[in-house]
Number of protein chains: 2
Amino acid sequence: MNKCSQCIVRQFSSLKHLTKEELLRVSACKTSKIIKKGDFLFEEGEHINGVFCIKDGVCKVSKMSENGKNQIINLINHGNIIGERSLISNEVSNLSAIALNDMTVCFIPKDEIMKDLEMNTAFSFDVLKTMANSLKSADNLIVDMAQKSVKQRLAESLLNLKEKFGTTNQGVIDIHLSREDIANIIGTATESAIRLLSELKKKDIIEFKGKDIVIKNEQELEKIAYGF
Amino acid sequence: MNKCSQCIVRQFSSLKHLTKEELLRVSACKTSKIIKKGDFLFEEGEHINGVFCIKDGVCKVSKMSENGKNQIINLINHGNIIGERSLISNEVSNLSAIALNDMTVCFIPKDEIMKDLEMNTAFSFDVLKTMANSLKSADNLIVDMAQKSVKQRLAESLLNLKEKFGTTNQGVIDIHLSREDIANIIGTATESAIRLLSELKKKDIIEFKGKDIVIKNEQELEKIAYGF
DNA sequence: TTTAAAATATGATATTTGTCAGCTTTTCAA
DNA sequence: TTGAAAAGCTGACAAATATCATATTTTAAA
């Protein structure tokens with residue numbers, strides 16, 4: 001079993017504030033899992049009872065609305081932690097997490113991580129900071145969802161995806177999402193998302209490589225997304 | 001000057017975890033202010049450099065979208081604290097706060113509150129919990145904004161307002177909002193909000209007392225908002 | 001009190017977005 | 001390899017919502 005001290009998650013998450021001793025304890029009690037593409041890390045209404053460290057892969061975090069439509073709230077890349085929110089409020093999860101590709105994750109049980117939260121103020125303050133940043137992002141997303149058109153939200157999402165996941169050497173945005181996933185990120189019907197993507201393609205602003213997307217005219221996309 | 005130990009904000013916020021000594025220090029360095037209806041507590045882009053304790057009154061927390069439209073993210077009632085988010089991430093505020101009626105607030109400067117956050121783990125853990133709850137609410141709002149119709153959002157908002165602010169003895173929801181404010185809460189044009197309110201009135205689901213609102217048929221409103 | 005400005009209200013119309021139907025392409029398991 | 005299922009695509013139309021115009025009512029300042 002690998003040591004946490006070497007792990008990519010440690011470098012990029014609040015876990016970097018854990019001491020060597022604390023890491024050894026975490027290493028000892030963690031369990032490692034492979035999650036197949038399409039499988040749940042956890043589901044809405046489930047007691048998670050710990051946090052997941054994502055060593056490899058990407059997952060979508062989503063929630064079902066009362067209308068029966070799915071909304072993707074966030075995409076979580078490897079190097080990050082997921083599940084702290086429910087842990088801290090001591091509630092069942094209000095969100096689901098589903099693997100977008102095959103993932104390698106470690107699960108750290110609640111008791112262990114709570115002990116560290118209580119004892120290590122540098123760690124807990126970093127968790128607090130991360131949560132504050134998430135809250136800021138969430139507020140921004142609320143405003144976008146409420147005030148921007150579907151077209152603007154699509155343009156902005158494409159820019160965000162490129163920023164977050166980068167591009168391959170062929171310029172393709174380096175995350176594979178179905179058209180339905182894209183629709184569920186921007187909060188629209190799948191057909192509408194497809195139609196608007198076709199429109200962007202027709203205007204030579206984007207291009208398809210297979211089903212994945214290349215941004216050809218970033219400036220124009222910014223103009224659509226932000227109005228400048 | 002009043003002591004913080006007696007204050008309503010202490011009862012209802014994370015400040016209840018401060019010790020007597022800590023409260024005395026806070027009492028000594030706080031400044032008290034009257035904010036008139038319509039005035040800013042703080043504005044987007046401003047360095048807040050502290051937190052506000054709301055002793056009396058209500059404020060709206062809003063953000064301007066790139067389209068130039070205003071979105072109200074939250075309403076903060078007396079007894080609560082506002083401004084921690086920016087303080088913790090050490091950034092200018094991404095939101096504005098505007099008084100909906102005359103307010104009495106206390107301002108606690110950054111250094112003082114940061115000291116308590118570092119030293120008092122019960123306090124900082126409660127702040128973390130509060131932030132986690134805010135994040136959950138924000139996630140729910142994202143889904144509503146993305147997936148529900150304006151009509152559903154209006155119905156849900158009316159129910160939320162009644163829940164949060166209660167009603168007077170005449171059954172009127174005990175918060176005065178302009179039609180524009182209501183539109184900015186649900187994320188629609190003022191005319192659309194007015195039209196849908198008229199429709200609810202025509203169907204005898206709500207009633208106007210002056211410009212304020214009485215919910216006459218809560219069940220029907222729930223059916224619109226949640227589909228049951 | 002008077003009066004201008006702001007808020008509320010409603011109609012007409014344009015635009016955006018959702019829904020349904022049907023078709024083609026891709027994927028994946030037998 | 002092949003054939004069924006899933007995903008992607010497009011058109012036609014319906015529904016929701018925004019925008020603009022204008023009228024009425026309320027508010028607040030002179």
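Reminder, nothing fancy here: chain letters follow the sequence lines and each chain counts from 1.
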How close or far is atom [atom2] of [N] from atom [atom1] of [X], stated in whole angstroms?
X: A:F208; N: C:dT26; atom1: CZ; atom2: C1'; value: 15 Å
X: A:E180; N: C:dT26; atom1: CD; atom2: C1'; value: 16 Å
X: B:Q152; N: C:dT17; atom1: CD; atom2: C1'; value: 15 Å
X: A:I194; N: C:dA21; atom1: CD1; atom2: P; value: 17 Å
X: A:N184; N: C:dT17; atom1: CG; atom2: P; value: 16 Å
X: A:L196; N: C:dT17; atom1: CG; atom2: C1'; value: 9 Å

Residue B:E191, side-chain atoms from C-beta onward, closest of C:dT10, C:dT8, C:dG18: C:dT10
Let me confirm one number: the CG-CG distance from A:N217 to A:D204, rounded to the nearest 0.5 Å.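 Here the interatomic distance stands at 8.0 Å.
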Working to the nearest 0.5 Å, report the span between NZ of A:K63 and CD of A:E44.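 Reported value, rounded in 0.5 Å steps: 4.5 Å.
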For B:T190, which contact category applies under a 4.0 Å heavy-atom criterion: base, sugar-phosphate, or nothing?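 The residue B:T190 makes no contact with any strand.
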Nearest-nucleotide comparison on DNA chain D, the residue closer to the 5′ end among B:K151 and B:K37: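 That would be B:K151.
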Tell me, please, the opening and closing nucleotides of DNA chain D, 5' to 3', among those with an atom under 4.0 angstrom from a non-hydrogen atom of chain A.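 On DNA chain D, the outermost contacted nucleotides are D:dG8 to D:dA12.
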Which residue is it: B:K148, B:Q152, B:Q147? I am looking for the one with a side-chain hydrogen bond (donor to acceptor under 3.5 Å, both in side chains) to A:N67.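 That would be B:Q152.
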DNA chain C nearest-nucleotide lookup for A:T188 and B:R179: closer to the 5′ end is B:R179
Would you say the side chain of B:L100 lies within less than 4.5 Å of the side chain of B:H176, judging by non-hydrogen atoms?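 Not in contact.
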Counting C-beta onward and ignoring hydrogens, is there a side-chain heavy-atom pair between A:L197 and A:I213 closer than 4.5 Å?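 They are in contact (side-chain heavy atoms under 4.5 Å apart), so the answer is yes.
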Answer with yes or no whether B:R195 presents, from its side chain, a donor or acceptor under 3.5 Å of a partner atom in the base of C:dG11. yes
If you look at every heavy atom in B:I205 and B:I224, which pair is closest and at what distance? CD1-CD1, 4.0 Å
Taking every heavy atom of A:T168 against every heavy atom of A:D174, the minimum-distance pair comes out as CG2-OD1, 3.7 Å
Using only side-chain N and O atoms of B:S198, determine if any of them is under 4.0 Å from OP1 or OP2 of C:dT10.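 For B:S198, the contact criterion (side-chain N or O under 4.0 Å from OP1 or OP2 of C:dT10) is met.
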